[in-house]
Amino acid sequence: MLKGIYTLANDVVYDQLVALLNSIEANVSPDIPICVIPYDDRLEKVKQEINSRSNVILFDDSQSIQRWEDFAYEVWSAHPIANKKVSRSQWYKGHLQRKFVAFDGEFEQFVFYEADQLAMKPVNDVWEKLQKYDFVFDDWEHKKPTPVAALNIPLIESSSTYKEDDIRKKIHDASFWGSKRGLFNPEELINLKAKLINENEIEWINGYGFWDDVFLLNYLTFRCDRPIYNFTLSENGQDRTGNCADADPFINIDNVLYNQQGLKPIHRIHYMNYSSKDFARLCQGYDAEIRYKYDIHKLYKNFH
C-alpha cells in the first residue's frame, strides 16, 4: 500500500514549504513520498525545490483540480451569504479547496499538512487509525461555540435525526488530516451537490461571514457518514494535545516541541494567524514576532 503526504503551496509560501519539508524529513521520515498540490500557477521556486528532492513530486492532474474547483464554486454560489457583502467573502474564488484532490491522487492512504506547519513526530498512529477509520484528525474545532462552528448545529438537529453531541464529535479542522484515495468519486460528488443545492443542505454549513475549505470538508465528511477519528477525543490522555503556535504552550526538547502539560508528543505545530511575509523574513535571517521561531529558523537554515 502506497502511503504519502500532501501539502498545498505556491511561491508565496515557499519558505514555509521548505521548513515543512525539512521538518517531515527530520521528524517523520526522510524517505516518505510527498506530493505538493499547486495553489495556483506561481510555482517557479516551488518546482526548483521539488526537483532538488528525490521523494517530492508536484500534483499535475488538471482534471481533478478543475473538478473540485467547479464543485466548490457551484455549492458556494447557492449559500445564503454568497451575494452579501461580507468580510472575506471572496475566499471561495481562491484555491484552498484544491487540497481535496488528495482523494484523487496516487497515495492509497495519506496525511495532509498545510504549509504553515512543522511536523513534530512520525504519523504511524495515523496509519494505524486509518485501518479502522476513513478520516483522522487532530484538532479542537469541535469545541468551538455553536455560532462559529463549521456546521449549523441547531439547523441540522431540527432537520435530521442527528443530535448536537453526535454532530460536534464530527466537527474538525482542515489543516492536518489523514484519509484514503477514492473517497468522493465524481458520482458521489454529484449526489452531495444535489443535497447541498436542491435539498438546501447548503444551509447546514455555517459560513458565518466567509467561506473556507474547512466548512466544505466538514460537510463532506459529516454527510458521507463514514467513520471519523479525532485524537483530541481519545480516551487516552496522551493523545490529547495542543497544536497552535499562537495559543498553546510547548516545550522544546532536542529541537522537537512537546505539549507543555504532560510533555506529550504532538503531530505538528500550526503557525496559523502568522503572515507568510513574517515567515519569509524569519527564514532569511531577520527577526519576526512569531512564537517558537527558533524551530522555524533551524529547520529552514540547517537543511536548506
remark   = Result for side-chain hydrogen bond (donor to acceptor under 3.5 Å, both in side chains) between Lys170 and one of Asn218, Asp225, Thr221 points to Asp225
Would you say that more than 12 heavy atoms from the other residues, nucleotides or ligands in this model lie under 6.0 Å from the [atom1] of [X], or not?
X: Gln131; atom1: CD; answer: yes
X: Asn198; atom1: CG; answer: yes
X: Glu108; atom1: CD; answer: yes

Would a single hydrophobic cluster contain both [Y] and [X], if residues Ile, Leu, Val, Met, Phe, Trp and Tyr are joined by side-chain heavy-atom contacts under 4.5 Å?
X: Leu183; Y: Phe71; result: yes
X: Val136; Y: Phe110; result: no
X: Val214; Y: Leu217; result: no

Sequence neighbours left out, what passes side chain to side chain contact (heavy atoms under 4.5 Å, CB included) with [X]? Give chain and number order.
X: Ile190; answer: none
X: Asn259; answer: Thr241, Gln261, Lys264, Ile266
X: Asn236; answer: Ser234, Gln238, Asp239
X: Asp166; answer: Lys163

task = Name all pairs fulfilling the ring-ring contact (aromatic ring centres under 6.0 Å, His included) condition that reach into residues 41-67, sequence neighbours left out, sorted by first residue then second.
result = none
Within the side chain of [X], is there an N or O that forms a donor-acceptor pair under 3.5 Å with the backbone of [Y]?
X: Arg98; Y: Pro38; value: yes
X: Asn55; Y: Ile32; value: yes
X: Asp248; Y: Asn243; value: yes
X: Gln117; Y: Glu114; value: yes

note = In short, Val36 meets Ala9 closest at the heavy-atom pair CG1-CB, 4.0 Å
request  = For the residue pair Tyr113 and Phe176, categorise the inter-ring angle as parallel (less than 30°), tilted (30 to 60°) or perpendicular (more than 60°).
outcome  = perpendicular
ask   = Considering the options Trp177, Phe112, Phe107, which one meets the ring pair (Phe, Tyr, Trp, His ring centres under 6.0 Å) requirement together with Tyr6?
value = Phe107
task = Quick one: list whatever passes salt bridge (Lys or Arg N to Asp or Glu O under 4.0 Å) with Arg223, sequence neighbours left out.
result = Glu201
request  = Determine whether the aromatic ring centres of Phe222 and Tyr162 lie less than 6.0 Å apart.
outcome  = yes
query = Is the gap between the ring centers of His267 and Phe231 under 6.0 Å?
reply = yes
ask   = What residue among Lys99, Lys180, Arg67, Arg181 forms salt bridge (charged side-chain N to carboxylate O under 4.0 Å, His left out) with Asp104?
value = Arg67
